[in-house]
Amino acid sequence: LTPSRARLPYPPPPFPTCCRPSSAAAAHAAHPLPRRGSPRLLAVRAMASGNPYAAELAAAKKAVTLAARLCQAVQQDIVHSGIQSKADKSPVTVADYGSQILVSLVLKMEVSTGPFSLVAEEDSEELRKDGAEEILEEITDLVNETISDTGSYNISFTKEGILSAIDDGKSKGGPSGRHWVLDTIDGTKGFLRGDQYAVALALLDEGKVVLGVLACPNLPLSSISNQNGSSSGDQVGALFSATIGCGAEVESLDGSPPQNVCSIDNPVNASFFESYESAHSMHDLTGSIAEVHKTPPVRIDSQAKYGALARGDGAIYLRFPHKGYKEKIWDHAAGSIVVTESGGIVTDAAGNDLDFSKGRFLDLDTGVIATNKQLMPSLLKAVQDAIKEKNQAASLL
Ligand SMILES: Nc1ncnc2c1ncn2[C@@H]1O[C@H](COP(=O)(O)O)[C@@H](OP(=O)(O)O)[C@H]1O
Ligand SMILES: [Mg+2]
């Protein structure tokens, strides 16, 4: 079980051949839809145009694309200056706030229905303290530069405007109404290392995730289904999107036409994904499960794992936080719908669906498992056996 990174060259496997919305999965099981550009793909797109959340989806894609642009500029600065080796967290803080402001700006400009509610990590408290003037100025400049460089809006934020835009993210979510759920930079550690991260945005409607988008600026556009999570494809920057009942798509972050995401139908010996960081997921537990499934792990940061799984780069994503950790909804909302709308399943270690209606945290049993429908029963059993064995071993100590 070798740790892996997602940036080394590697011969790519054949591109996924099938694409379909999950609602049509059963009907199409024996007749996979063809590759991009085919007439049948157009038929799938026509169906997607009946999307009840079409305006929200377009806004969400625009929002994360703009935020990803800001984050990418900061990451390049970090990597070039070697700041991460000095454990200086301030650039990532600037990018986190900047990403949140841009997402809330775009959503407010583009979506007019109902009250605006955003569940996100940051609020303005720290930035209002004495000594935070410099960082506030940096955020204001960075946000205004990104808006003007991209020609997105004819708007310029004042510092007070920045503070109040950040406080748009204070919502607590919950079971009723609509709430946007944002992870401004998911995979902060990968971001600092110059590796994978994602800007992840989802919409909850009456407690259910109905839409999700994942901007993964460093994820190769071709498959990373190999042991070190890399791809020989030159193009990087993937944007995954999904709406409930309408399937999932992946497109290039720089604006190439969308294609539908492949349903997850890889064989048992396909690679599986887990966190790069062992502090975020117990690698010893996944290792014992991998022995049963003969699958080597591909360790990458962030919800890019969900995106890669959805397009068939691997067959399994396992995540087992250490005892006492409470998973936050923004770490799973967007990624999980991208997988389920690609024909996959996402559950906790007891086999229950993830419940996003309980506020800012998920009420989870032990961990998160994502895979295809064929593999889920045997995988769930392997997971439960491994957890039992680990608990028994711990009780003997
Ligand atoms: N001890 C822990 N156990 C599990 N997850 C953790 C954790 N500490 C942080 N995380 C979460 O793991 C996320 C990254 O996931 P991954 O390991 O898949 O890259 C982090 O998102 P942020 O980077 O947005 O803070 C954070 O929310
Ligand atoms: Mg996160």
Side-chain angles (χ1 to χ4, degrees), residues 3-7 64 67-68 71 74-75 78 84 87 89 91-100 103 118-123 169 173 180-202 209 212-219 224 229 240 272-286 297-310 313-314 316-336 338-339 346 348-349 354 356 359-370:
S4 53
R5 302 171 82 134
R7 290 157 62 217
V64 295
C71 294
V74 175
Q75 193 191 44
I78 292 174
Q84 81 279 23
K89 291 275 172 64
V92 77
T93 308
V94 169
D96 257 325
Y97 285 118
S99 170
Q100 185 163 321
V103 168
L118 176 68
V119 183
E121 202 154 13
E122 309 298 342
D123 66 37
W180 291 99
V181 178
L182 172 67
D183 199 335
T184 51
I185 299 178
D186 181 41
T188 314
K189 295 208 166 142
F191 180 81
L192 283 164
R193 253 188 268 114
D195 280 346
Q196 297 299 327
Y197 69 98
V199 181
L201 178 64
V209 182
V213 291
L214 284 180
C216 305
N218 294 329
L219 191 68
I224 56 162
F240 296 90
F272 81 86
F273 296 108
E274 66 179 342
S275 286
Y276 184 88
E277 297 290 334
S278 57
H280 295 179
S281 186
M282 293 184 272
H283 288 175
D284 58 341
L285 189 54
T286 51
V298 175
R299 291 178 179 154
I300 61 171
D301 304 280
S302 87
Q303 289 174 70
K305 290 186 279 296
Y306 279 118
L309 181 72
D313 295 7
I316 297 167
Y317 168 21
L318 296 173
R319 183 182 189 87
F320 301 112
H322 294 270
K323 212 172 163 53
Y325 182 77
K326 280 173 82 183
E327 291 277 4
K328 297 145 202 154
I329 58 171
W330 52 78
D331 277 322
H332 300 279
S336 65
V338 167
V339 166
V346 183
D348 67 10
L354 305 190
F356 291 91
R360 291 165 77 88
F361 295 95
L362 287 171
D363 184 14
L364 272 188
D365 184 341
T366 313
V368 176
I369 305 164

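Just follow the structure's listing: the first ligand is 1, and inside any ligand the first atom is 1.
- For a threshold of 3.5 Å applied to N or O pairs, the pair formed by Y325 and ligand 1 contains at least one separation below that value.
- An N or O contact shorter than 3.5 Å links G187 to ligand 1 by distance.
- Residues satisfying the salt bridge (Lys or Arg N to Asp or Glu O under 4.0 Å) criterion with E122, sequence neighbours excluded, are absent altogether.
- Heavy-atom separations between S302 and ligand 1 include at least one value shorter than 4.0 Å.
- With sequence neighbours left out, D186 forms a salt bridge (Lys or Arg N to Asp or Glu O under 4.0 Å) with no residue at all.
- Residue-level proximity to ligand 1 for T184 is absent, since no heavy atom of it falls below 4.0 angstrom.
- E274 and T286 share a side-chain donor-acceptor pair at under 3.5 Å.
- With atom 16 (P) of ligand 1 as the reference point, the heavy atom nearest to it among S275, S281, S278 is part of S275.
- Looking at D186 next to ligand 1, an N or O pair under 3.5 Å apart turns up.
- Note on ligand 1: K305 sits in its first shell, one or more heavy atoms being nearer than 4.0 Å.
- Proximity annotation for atom 8 (N) of ligand 1: of H322, E327, K328, H280, H280 comes nearest, heavy atoms only.
- Of the polar atoms of A279, at least one N or O is found under 3.5 Å from an N or O of ligand 1, judged by distance alone.
- Ligand 1 has an N or O atom lying under 3.5 Å from an N or O atom of R319, backbone or side chain.
- Taking the side-chain hydrogen bond (donor to acceptor under 3.5 Å, both in side chains) definition, one finds that Y197 meets it with Q72, sequence neighbours left out.
- Counting only distances under 2.8 Å, and ignoring water, the protein N, O or S atoms around the Mg ion (ligand 2) are D183 OD2, D186 OD1, D331 OD1.
- For the residue pair Y325 and H280, no side-chain donor N or O sits within less than 3.5 Å of a side-chain acceptor on the partner.
- Here T188 has heavy atoms under 4.0 Å from ligand 1 in both its backbone and its side chain.
- Within ligand 1, counting atoms from 1 as listed, the ones closer than 4.0 Å to a heavy atom of I185 are 22 (P), 23 (O), 24 (O).
- With ligand atoms numbered from 1 in the order given, ligand 1 contributes 19 (O) to contacts under 4.0 Å with heavy atoms of D301.
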